[in-house]
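My questions all concern the structure below.
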Amino acid sequence: MIILDGKKISNDIKNEIAEQVKRMKENGEKVPHLAAIIVGNDGASLTYVASKVRACERVGFESTMVRLSNTTSQVELLDKIKELNENSDIDGFIIQLPLPKQIDTQKVLLAVNPDKDVDGFHPMNFGKMALDMSTFIPATPFGILELLDRYNVDTQGKHTVVIGRSHIVGRPMSILMGRKGFPGNSTVTLTHSHTKNITQITSQADIIISALGVPNFLKAEMVKDDAVIIDVGITRVPDDTTEKGYRITGDVDFENVSKKASFITPVPGGVGPMTIAMLLKNTLLARERQM
Ligand code: GUN
């Protein structure tokens, strides 16, 4: 069994990006600038955005964090997006999800200039992705592809089962694994809350990508020998023995599933750090495209 070490690979990627930024600076070029909008005070979202800002500093990007209150109206948020769309110093920006309930997420994502949509959530970019055109690929699926690529995990002709059809992970992942090329060329089954007999399906999978958000959902009995297991779950589970009072738990019963797997991602230290590295990669791409 081989651990797909997202922490290590994301560090490699950040080092590669930092090298590129150094060269940009030496050539007197503008360095990439990422902005992140966060609405409200959700603890997990604040932590993620803080990590994204820290990652920018680490590679030499400029970053701007825009914090808006929980009671921000849709109009106020759309005004802020317009401002970032028009600010030529900002190469790319993201709006951290989920948004408070008074805000229509789809309207908000549509308002982002597709050329600055480094999350790849705008329908134009999502459509390009589905049509094999060059575009911003959503960071978590992009990070999973990169992990599979760097560990030379064979995906061609394999049966990939994706658990969860979210717009951020499951849906794009199912499209990407079935695309022509590597990693891809997989036969994909997308499972969700209405799927019947999920164990029957997962136990036939060569590759399982679980993006459900239910701790320890995927048990050893649901997995065949030598399967590749990608765990996208990052649920905070209360734990008094830790300093923070919680621990991060994946969708996979790692202790037992890892005994059967050929490759497996740990939580934490698997997919999570890759998401941030690929957001940086998309921001670098956005800057390069402006040049
Ligand atoms: N919330 C959970 N994952 C993501 C992500 O990749 N991007 C944004 N903007 N919000 C998220």
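Note that ligands are numbered from 1 as they come in the structure, with each ligand's atoms numbered from 1 the same way.
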R289 to F136, cation-pi by 6.0 Å centre distance and 45° axis angle:
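Pair R289/F136 counts as cation-pi.
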Please examine the side chains of I9 and Y151, heavy atoms only from C-beta on, and report whether any two atoms are closer than 4.5 Å.
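Yes. Closest side-chain heavy atoms under 4.5 Å.
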First locate atom NE2 of H159, then atom CD1 of I208, and finally report the distance between them rounded to the nearest 0.5 Å.
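Going from NE2 on H159 over to CD1 on I208, the span is 9.5 Å.
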Considering the options L84, T72, V108, which one meets the side-chain contact (heavy atoms from CB on, under 4.5 Å) requirement together with I37?
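Answer after filtering L84, T72, V108: L84.
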Give a table of atom pairs where an N or O of ligand 1 lies under 3.5 Å from a protein N or O.
| from | atom 1 | to | atom 2 | distance (Å) |
| --- | --- | --- | --- | --- |
| ligand 1 | 1 (N) | Q96 | NE2 | 3.2 |
| ligand 1 | 1 (N) | L97 | O | 2.9 |
| ligand 1 | 7 (N) | D119 | OD1 | 3.3 |
| ligand 1 | 7 (N) | D119 | OD2 | 3.2 |
| ligand 1 | 9 (N) | I95 | O | 2.8 |
| ligand 1 | 9 (N) | D119 | OD2 | 2.6 |
| ligand 1 | 10 (N) | Q96 | NE2 | 3.4 |
| ligand 1 | 10 (N) | L97 | N | 3.0 |

Tell me which one of R23, E29, M24 satisfies side-chain contact (heavy atoms from CB on, under 4.5 Å) with E26.
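When R23, E29, M24 are each tested with E26, the side-chain contact (heavy atoms from CB on, under 4.5 Å) holds only for R23.
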Should I95 and F121 be counted in the same cluster of Ile, Leu, Val, Met, Phe, Trp and Tyr side chains packed under 4.5 Å apart?
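Yes, I95 and F121 fall within the same hydrophobic cluster.
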